[in-house]
Amino acid sequence: MEKIGELQEDIYNFFHGNEACKNFFYDAAQEERYAAYYTSMYLLQDTTESLFVHRKKGFSDDAHQAYIEFWGVMQAIIIQQDSIYELHKAVKGNKLKTKSLTSWRKLRFFRNTCAGHPAKRDRPSSKPLVRTFMGRNFGGYSSITYEKWEESKPKDLSSLRLGSVSHPRVALGDLIDAYEKEAVNIIENILKFMKRTWPDIESGNFQADT
């Protein structure tokens with residue numbers, strides 16, 4: 001998360017040191033984009049700093065507190081992703097394409113998985129219903145364990161099986177690290193776009209590339 005924090009600060013410094021960039025966003029016609037930029041930058045800073053500090057500290061030894069911390073971490077990541085998405089749209093004027101961001105999407109899916117909601121709606125009708133459950137003693141950044149129940153297939157009903165239970169493990173720290181690399185690339189491209197679009201600090205002449 002340290003690199004994301006550095007890039008957030010670089011964007012902040014560029015914005016406030018470049019008159020052309022400020023003139024563009026301060027224009028009344030860009031009010032919505034400026035509001036999105038302003039909000040996204042604060043959300044990006046808060047989530048990044050919090051995730052960085054917690055990663056160094058690790059989850060509490062108290063199972064109840066660790067449980068709350070886990071959901072705080074997962075929600076902070078979702079908010080961070082949303083802020084990057086909105087920052088991209090505010091600066092570049094178009095939506096960020098996340099389909100190719102494998103780790104980005106895995107984290108969002110993992111968060112929803114651990115929440116325990118039925119996954120039938122996100123799966124082909126030919127596949128069985130899946131429910132999940134994450135207890136308080138889930139592990140830590142090195143390995144998160146949750147319980148997964150999958151309904152019996154039609155051929156299993158004759159044996160009165162009530163579904164199968166497994167306990168998948170996810171290396172949360174590694175997944176976050178992989179996601180961070182994707183996020184860094186996105187934010188670096190946002191900063192490069194800003195420097196390319198508003199290159200002349202002195203003259204104020206610029207052409208927004210949207």
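Because the structure is predicted, anything quoted here is derived from the model rather than measured.
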Once you round to the nearest 0.5 Å, how far does CG of Leu107 lie from CG of Asn112?
11.0 Å
Should Tyr85 and Ile186 count as side-chain neighbours, where that means a heavy-atom distance under 4.5 Å?
no
Kindly write out the residues that satisfy ring-ring contact (aromatic ring centres under 6.0 Å, His included) with His167, not counting sequence neighbours, or none if the list is empty.
none
So do Ile187 and His88 actually touch side chain to side chain, heavy atoms under 4.5 Å?
no
Can you tell if the side chain of Ser164 reaches within under 4.5 Å of the side chain of Ser166, non-hydrogen atoms only?
no
Full working for side-chain contact (heavy atoms from CB on, under 4.5 Å) between Thr197 and Lys92:
CA-CA 9 Å; Thr197 304; Lys92 301 187 71 172; over 6 Å; no
State yes or no: are the ring centers of Phe25 and Phe15 separated by less than 6.0 Å?
yes
Side chain to side chain contact (heavy atoms under 4.5 Å, CB included) partners for Ser50, two or more places apart
none
Phe138 and Tyr146 aromatic centres sub-6.0 Å:
no
Pairwise side-chain contact, Lys148 with Thr113, heavy-atom cut-off 4.5 Å (strictly under)
no
For Asp177, give me all partners under side-chain hydrogen bond (donor to acceptor under 3.5 Å, both in side chains), at least two apart in sequence or on another chain.
Arg55
Counting only heavy atoms from other residues, nucleotides and ligands, does the tally under 6.0 Å from CD of Glu6 exceed 12?
yes
Using ring-ring contact (aromatic ring centres under 6.0 Å, His included) as the criterion, list what pairs up with Tyr12, not counting sequence neighbours.
His16
Pairing residues for Asp82 by the side-chain hydrogen bond (donor to acceptor under 3.5 Å, both in side chains) criterion, not counting sequence neighbours
Arg108
How far apart are the closest heavy atoms of Trp198 and Asn18, and which atoms are they?
O-ND2, 2.7 Å
Reported OG1-to-CG distance for the pair Thr145 and Leu172, which is rounded to 0.5 angstrom:
11.5 Å
Compile the donor-acceptor pairs under 3.5 Å between side chains in residues 35-45 and protein atoms, sequence neighbours left out, one pair per line.
residue : atom : partner : partner atom : Å
Thr39   : OG1  : Ala35   : O            : 2.9
Ser40   : OG   : Ala36   : O            : 2.7
Gln45   : NE2  : Glu49   : OE2          : 3.4

Inter-residue atom distance Ile190.CD1 - Lys192.NZ, 0.5 Å rounding
12.0 Å
Rounded at 0.5 Å granularity, tell me how far SG in Cys114 sits from CD in Glu147.
12.5 Å
Using every non-hydrogen atom in the two residues, find where Val91 and Phe193 come nearest and quote the distance to one decimal.
O-CE2, 3.3 Å
Taking side chain to side chain contact (heavy atoms under 4.5 Å, CB included) as the test, write out the residues that go with Ala63, two or more places apart.
Arg136, Asn137
Could you report the tightest heavy-atom contact between Arg169 and Ser143, atom names first, then the distance?
NH1-OG, 3.5 Å
Checking side-chain contact (heavy atoms from CB on, under 4.5 Å) for the pair Phe110/Ile144: CA distance, chi angles, key distance, verdict?
CA-CA 10 Å; Phe110 179 59; Ile144 298 288; 3.6 Å; yes
With Glu188 via side-chain hydrogen bond (donor to acceptor under 3.5 Å, both in side chains) - residues at least two apart:
none
CG/Leu101 to OH/Tyr179 distance, rounded to the nearest 0.5 angstrom?
9.5 Å
Given side chains that start at C-beta, do those of Glu180 and Lys3 come closer than 4.5 Å, heavy atoms only?
yes
Quick one, Gln8 and Thr48 - any side-chain contact, counting heavy atoms below 4.5 Å?
no
With sequence neighbours excluded, tell me which residues meet side chain to side chain contact (heavy atoms under 4.5 Å, CB included) with Asp27.
Ala29, Gln30
Can you list the residues that meet the salt bridge (Lys or Arg N to Asp or Glu O under 4.0 Å) rule with Lys22, with sequence neighbours excluded?
Glu19
Which distance, rounded to the nearest 0.5 Å, do you find between the CE of Met194 and the CZ of Phe14?
5.5 Å
Contacts table for residues 67-79: side-chain donor-acceptor under 3.5 angstrom, sequence neighbours left out:
residue : atom : partner : partner atom : Å
Glu69   : OE1  : His54   : NE2          : 3.0
Glu69   : OE1  : Ser60   : N            : 3.0
Glu69   : OE2  : Gln65   : NE2          : 3.0
Gln75   : OE1  : Arg111  : NH2          : 3.3

Ser103 side chain near Leu175 side chain, heavy-atom distance below 4.5 Å:
yes
Considering residues, nucleotides and ligands other than Asn13, do more than 12 of their heavy atoms fall under 6.0 Å from its CG?
yes
Do the non-hydrogen side-chain atoms of Thr132 and Trp149 ever get within less than 4.5 Å of each other?
no
Could I get the full list of side-chain hydrogen bond (donor to acceptor under 3.5 Å, both in side chains) partners for Thr47, not counting sequence neighbours?
none
